[in-house]
Amino acid sequence: MSPVLASRRKTAPADPQTPVVQDTETEHNTGWVAGWSTGAQANSAAMMRWLVWGLIALGPLLGTLAYLSVPMTSTAPAPKTVPSAPVASGGQGAAGFASLFVAAYVSAGRGDEPKLAAYYPPAGNLQLDGVSGQRRGEQLTVVRLRQTDTSVWSVTVAARVAGATPTATPSTQPGASPRPAAASDTVRYFQVPVATAPGAGGATAYTALALPAEVAAPERAMTPELVYGAMHPALPTDPRTQAVTSFLSAYLTKAGAELDRYLAPGTRLTAPSPAPYSGIAVDQFAAEGETGGELVVSVPGDGRTLRLLVTLRATGQDGVRLPLTYALTLKARAGRWEIASLDGAPALTSPTPAPVASGAPGPATTPTS
């Protein structure tokens, strides 16, 4: 074999039928999976995640927009209900109305029928006697107020009727002398039935259901039992007499000057001004829990309290002496009594209401029922 032929045999491929696999083709095919580039697939997945998160974040906003985009059915606003005036449950207005009616009734005479009709319409058909204004109702005061129905009040008005000429009342028995004349300036009592109803603008309207009816004075209540013992003279040597005299003197005659020196710590009182009296004299007092007759010359320990009911005579600027009564509470401190309070009323032994004294008339005001 020649050297040339041997050289050709060395450079020729061993198997010309087997194709040569190129490395570049293999590298190109490794970047694709099922027709998708691996980089594009990663980008798409990231975009999908961002899109999902975006939809989640925009969900409430999109829901609100969808709600607002729905056309709303227009409904007419509910009409405002104007509250009607309630039926009056209190009697203050009825009491005032009755007082005005009684004042007009007492002074009414011929020609005053329209004045009474303003309170009681049927009164316009009356024919009154007497001279208009000859009698006058003074010091009119409501002494009883009682609710007889849901909208009806029975009001009793006390009036001092002045100007009436006293006349003797003929006796019904033959030969008997006329009865004594009635006093021309006496307190008389008139009962008026007043109905209430809702009025214009939420106010309350009033009308009388009948003319006034003259009635007896309200019953007087029996005096309840008080915590104080018997009244006894206020001895000058008694420390309690000294305390209340000094205090009441400053309170009534000095317009409160030096008042604080007689008061217990923490007590604040204001005296009448200008001073209404020129002098006072404490006559008697009753002490809580005492039967009377005990001679007291000492003061108990600090903090001890004692309630007193004191009667005195106060001399006015005109020289006239006026009796007064004070309910006081004293408190012991540093060997002397001080004023702890000026009580609004004497203290009762029991809070239960006092029984009514049957058949005992009096001008006392009957409590509102």
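Computed from a prediction, not measured in an experiment: that's the story for all the values here. Position 1 is the first residue of the sequence; numbering continues from there.
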By ring-ring contact (aromatic ring centres under 6.0 Å, His included) - contacts of Y262 (at least two apart): none

- prompt: OG1 of T315 to CD1 of I280: how many Å apart, nearest 0.5 Å?
  reply: 9.5 Å

- prompt: What are the two closest heavy atoms between Y189 and A217, and how far apart are they?
  reply: CE1-CB, 3.3 Å

message: So does A159 get a backbone contact from the side chain of Q139, meaning a donor-acceptor N/O pair under 3.5 Å?
response: no

message: Applying side-chain contact (heavy atoms from CB on, under 4.5 Å), can you list everything that pairs with A103, at least two apart in sequence or on another chain?
response: L140

- prompt: Is the shortest heavy-atom distance from the side chain of L100 to the side chain of V102 under 4.5 Å?
  reply: no

Residue from V310, L252, L328 passing side-chain contact (heavy atoms from CB on, under 4.5 Å) with F247: L328

- prompt: For A340, does its backbone N or O pair with a side-chain atom of T267 as donor and acceptor, under 3.5 Å?
  reply: yes

- prompt: Okay, side chain of T156, backbone of V143: is any donor-acceptor separation there less than 3.5 Å?
  reply: no

- prompt: A275 and A255: which non-hydrogen atoms are nearest, and at how many Å?
  reply: CB-N, 3.7 Å

- line: Closest heavy-atom pair, D302 versus G335, reported as atoms and distance to 0.1 Å, is OD1-N, 4.2 Å

- prompt: Is the closest side-chain heavy-atom distance between K331 and W337 below 4.5 Å?
  reply: no

- prompt: Quick check: does any side chain N or O of D283 sit under 3.5 Å from a backbone N or O of T311, one acting as donor and the other as acceptor?
  reply: no

message: Membership question, hydrophobic clusters at under 4.5 Å side-chain separation (ILVMFWY): are Y206 and F190 in the same one?
response: yes

- prompt: Does E113 reach the main-chain N or O of G111 with its side chain, forming a donor-acceptor pair under 3.5 Å?
  reply: yes

- request: Verify the cluster assignment for L235 and L330: are they in a single hydrophobic cluster under the rule of side-chain heavy atoms below 4.5 Å apart?
  value: no

- line: Only residue of T329, L259, L263 satisfying side-chain contact (heavy atoms from CB on, under 4.5 Å) with I339 is L263

field: Intermediate values then yes/no, side-chain contact (heavy atoms from CB on, under 4.5 Å), R110 and V131
entry: CA-CA 6 Å; R110 284 187 296 269; V131 179; 4.2 Å; yes

- prompt: With clusters built from Ile, Leu, Val, Met, Phe, Trp and Tyr whose side-chain heavy atoms come within less than 4.5 Å, directly or transitively, what are the remaining members of the cluster of V320, listed by chain and number?
  reply: none

message: Let me confirm one number: the CG-CG distance from L295 to D238, rounded to the nearest 0.5 Å.
response: 7.5 Å

message: Taking ring pair (Phe, Tyr, Trp, His ring centres under 6.0 Å) as the cut-off, I'd like each qualifying pair that reaches into residues 114-143, sequence neighbours left out, listed once.
response: F97-Y119, F101-Y119

field: From CE (M231) to CZ (F285), nearest 0.5 Å
entry: 9.5 Å

- request: Considering non-hydrogen atoms only, spot the tightest contact between R240 and A287 and give its length.
  value: NH1-CB, 3.6 Å

- request: Tell me, please, which residues at least two apart from R321 pass salt bridge (Lys or Arg N to Asp or Glu O under 4.0 Å).
  value: none

message: Closer than 4.0 angstrom, basic N to acidic O: yes or no for R333 and E338?
response: yes

field: salt bridge (Lys or Arg N to Asp or Glu O under 4.0 Å) involving E288 - partner list, sequence neighbours excluded
entry: R307

side-chain contact (heavy atoms from CB on, under 4.5 Å) partners of L322, counting only residues at least two apart: Y277, L324

task: Report yes if the side chains of L145 and Q92 come closer than 4.5 Å at any heavy-atom pair, otherwise no.
output: no

- prompt: Taking side chain as C-beta onward, heavy atoms only, is R135 less than 4.5 Å from S107?
  reply: no

message: List the residues meeting side-chain hydrogen bond (donor to acceptor under 3.5 Å, both in side chains) with R304, not counting sequence neighbours, and say none if there are none.
response: none

- prompt: How about W153 and P193: do any of their side-chain heavy atoms sit closer than 4.5 Å?
  reply: no

task: For T245, check side-chain hydrogen bond (donor to acceptor under 3.5 Å, both in side chains) against everything at least two apart and list the hits.
output: none

message: Are Y105 and L128 connected into the same hydrophobic cluster when the rule is that any two of I, L, V, M, F, W, Y join if their side-chain heavy atoms are below 4.5 Å apart?
response: yes

query: Does V152 sit in a hydrophobic cluster with other residues, and if so which ones, taking ILVMFWY side chains as linked at heavy-atom separations under 4.5 Å, directly or through other members?
result: L209

Short N-O contact, R144 and E219, less than 4.0 angstrom: no

statement: Closest heavy-atom pair, A286 versus G229, reported as atoms and distance to 0.1 Å, is CB-O, 3.3 Å

- prompt: Within a strict 4.5 Å, meaning less than it, do heavy atoms of the S154 and R146 side chains meet?
  reply: yes

message: Taking CD in E225 as the centre, count heavy atoms belonging to other residues, nucleotides or ligands within less than 6.0 Å. Is the count above 12?
response: no

query: When hydrophobic residues are tied together by side-chain contacts of less than 4.5 Å, even through go-betweens, does L306 share a cluster with V244?
result: yes

query: Does V192 belong to the same Ile/Leu/Val/Met/Phe/Trp/Tyr cluster as V106, with side-chain heavy atoms less than 4.5 Å apart forming each link?
result: yes

message: Counting C-beta onward and ignoring hydrogens, is there a side-chain heavy-atom pair between Y326 and L342 closer than 4.5 Å?
response: yes

- request: Mind running side-chain contact (heavy atoms from CB on, under 4.5 Å) on L348 and V227 for me, showing each step along the way?
  value: CA-CA 6 Å; L348 306 181; V227 300; 5.8 Å; no

field: D343: partners by salt bridge (Lys or Arg N to Asp or Glu O under 4.0 Å), with sequence neighbours left out
entry: none

query: Do Q284 and H232 touch side chain to side chain, with heavy atoms closer than 4.5 Å?
result: no

message: Please find the pair of heavy atoms, one from A250 and one from A257, that lie closest to each other, and give the distance.
response: CB-O, 3.6 Å

message: Under the rule for side-chain hydrogen bond (donor to acceptor under 3.5 Å, both in side chains), what residues qualify as partners of Q191, not counting sequence neighbours?
response: none

query: Without hydrogens or angle criteria, can the side chains of S132 and D112 be said to hold a donor-acceptor pair below 3.5 Å?
result: yes

